[in-house]
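Please read all numbers here as calculations on a predicted model, not as lab measurements.
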Amino acid sequence: MFCFSFIYFWIFISYKPIIDYIDAQFEAYLQEELKIKRSLHNYHDTRIHACLYFISPTGHSLKSLDLVTMKKLDSKVNIIPVIAKADTIAKNELHKFKIKIMGELVSNGVQVYQFPIDDETVAKINSTMNGHLPFAVIGSTEEVKVGNKMVKARQYPWGVVQVENENHSDFVKLREMLVCVNMEDLREQTHTRHYELYRRCKLEEMGFKDTDPNNKPVSLQETYEAKRNEFLGELHRKEEEMRQMFVMRVKEKESQLKEAEKEVLKDLITLLFILAQTLFAHHAGVKVKSKQLI
């Protein structure tokens, strides 16, 4: 049980900072949108439009951490799965690995970004690129001379793996799909799907709804008035609770003071009684001495 709790906590802290950051960008946009005087036309939009999720090139299956994280992210951002260090897997094994990854994502209900095919101008290329998911890429900061030019590549004893060679890596396909072909669709998906879901959930948390319990449309003014009345009622209830608590505390204090007063009065009476006895005894002693002297 402890081990399971620890694993869940570890998975939770793995994806939570990512979700918190994405939500923070949505919240910033929502706050700008709700302003009376807003300027969305020149607002610096920091919402995240794509998440390149890098997968370890194990050649076997996805890790539980990957599945849980992507499932948490798929309603927040456009996920594009990418296999890292693709040069560590043979081509035939890489193809099988891609098929297995997509099968696991589908069977676990993880929704990754699919390049749109409803636009005739990009339908053919996007349909082809959807078949290449997840993209398998390699990376390098080093330049190697291949022929007459210097290219980004990885140098091995058995040869050179070029980053931008489509026979070696899907990097060019990924770049073209993101930057040249589908950038606007990514932004549109972020706004119409992910941001709208965040906005709806946030407004519902604040008590705003489109319909009343009878499924009749409710205007923003009616919702505002209802929330205002609810707030004032809650405020009045809390004021009444505080007043009653104050009265109760005052009564308790008065009761304590009366008890203290009784104790003081009792002590005073006892003290006076002792004093009277002392004076009486002293007075009696004085009389005895006077008689003896006489």
query: Are any of the side-chain heavy atoms of Tyr15 and Lys76 separated by less than 4.5 Å?
result: no
task: Can you establish whether the number of heavy atoms outside Tyr43 located under 6.0 Å from its atom OH is more than 12?
output: yes
task: Say whether, by atom type as modelled, one donor and one acceptor occur between the side chain of Glu32 and the main chain of Ala28 under 3.5 angstrom.
output: no
message: Treating Asp119 as the side-chain partner and Thr121 as the backbone partner, does any N or O pair qualify as donor plus acceptor under 3.5 Å?
response: yes
Transitive ILVMFWY side-chain link Met183 to Leu133, under 4.5 Å: yes
message: Assigning hydrophobic clusters by single linkage (Ile, Leu, Val, Met, Phe, Trp, Tyr; side-chain heavy-atom cutoff under 4.5 Å), is Ile22 placed with Phe54?
response: yes
message: Ring-plane angle category for His191 and Tyr29, please: parallel below 30°, perpendicular beyond 60°, tilted otherwise.
response: perpendicular
- prompt: Hey, is the main chain of Ile117 close enough, under 3.5 Å, to the side chain of Asn126 for a donor-acceptor pair?
  reply: no
message: Would you say that Lys251 contacts Val247 through its side chain, given a criterion of any heavy-atom pair below 4.5 Å between the two side chains?
response: yes
message: So that I can tick it off, tell me whether Lys152 and Glu143 are bridged by a salt bridge, with the cut-off set at under 4.0 angstrom between side-chain N and carboxylate O.
response: yes
query: Atom OG1 in Thr88, atom CZ in Arg154: separation rounded to 0.5 Å?
result: 9.0 Å
query: Are Glu254 and Lys258 within salt-bridge range, i.e. N to O under 4.0 Å?
result: no
- prompt: With no hydrogens and no angle check, is any side-chain donor or acceptor of Lys91 less than 3.5 Å from a backbone partner on Asn167?
  reply: yes
query: Is there a path from Phe26 to Tyr21 through hydrophobic residues (I, L, V, M, F, W, Y) whose side chains come within less than 4.5 Å of each other?
result: yes
query: Is it true that a side-chain atom of Thr278 and a backbone atom of Ile274 form a donor plus acceptor pair closer than 3.5 Å?
result: yes
- request: May I ask you to decide if Lys124's main-chain N or O and Ser127's side chain share a donor-acceptor pair within less than 3.5 Å?
  value: no
Shared hydrophobic cluster, Leu67 / Ile80 (ILVMFWY, side-chain heavy atoms < 4.5 Å): yes
message: Could you go through Arg237 and Glu241, starting from their C-alpha distance and side-chain angles, then the distance that decides it, and tell me whether this counts as salt bridge (charged side-chain N to carboxylate O under 4.0 Å, His left out)?
response: CA-CA 6 Å; Arg237 185 183 66 80; Glu241 287 180 356; 2.4 Å; yes
- line: Only one of Glu142, Glu164, Gln162 passes side-chain contact (heavy atoms from CB on, under 4.5 Å) with Val151, and that residue is Gln162
message: I'd like to know if the side chain of Thr58 reaches the main chain of His60, judged simply by a donor and an acceptor atom lying under 3.5 Å from each other, with no hydrogens or angles considered.
response: yes
- prompt: Below 4.0 angstrom, N of the basic side chain to O of the carboxylate: do Asp170 and Lys173 qualify?
  reply: yes
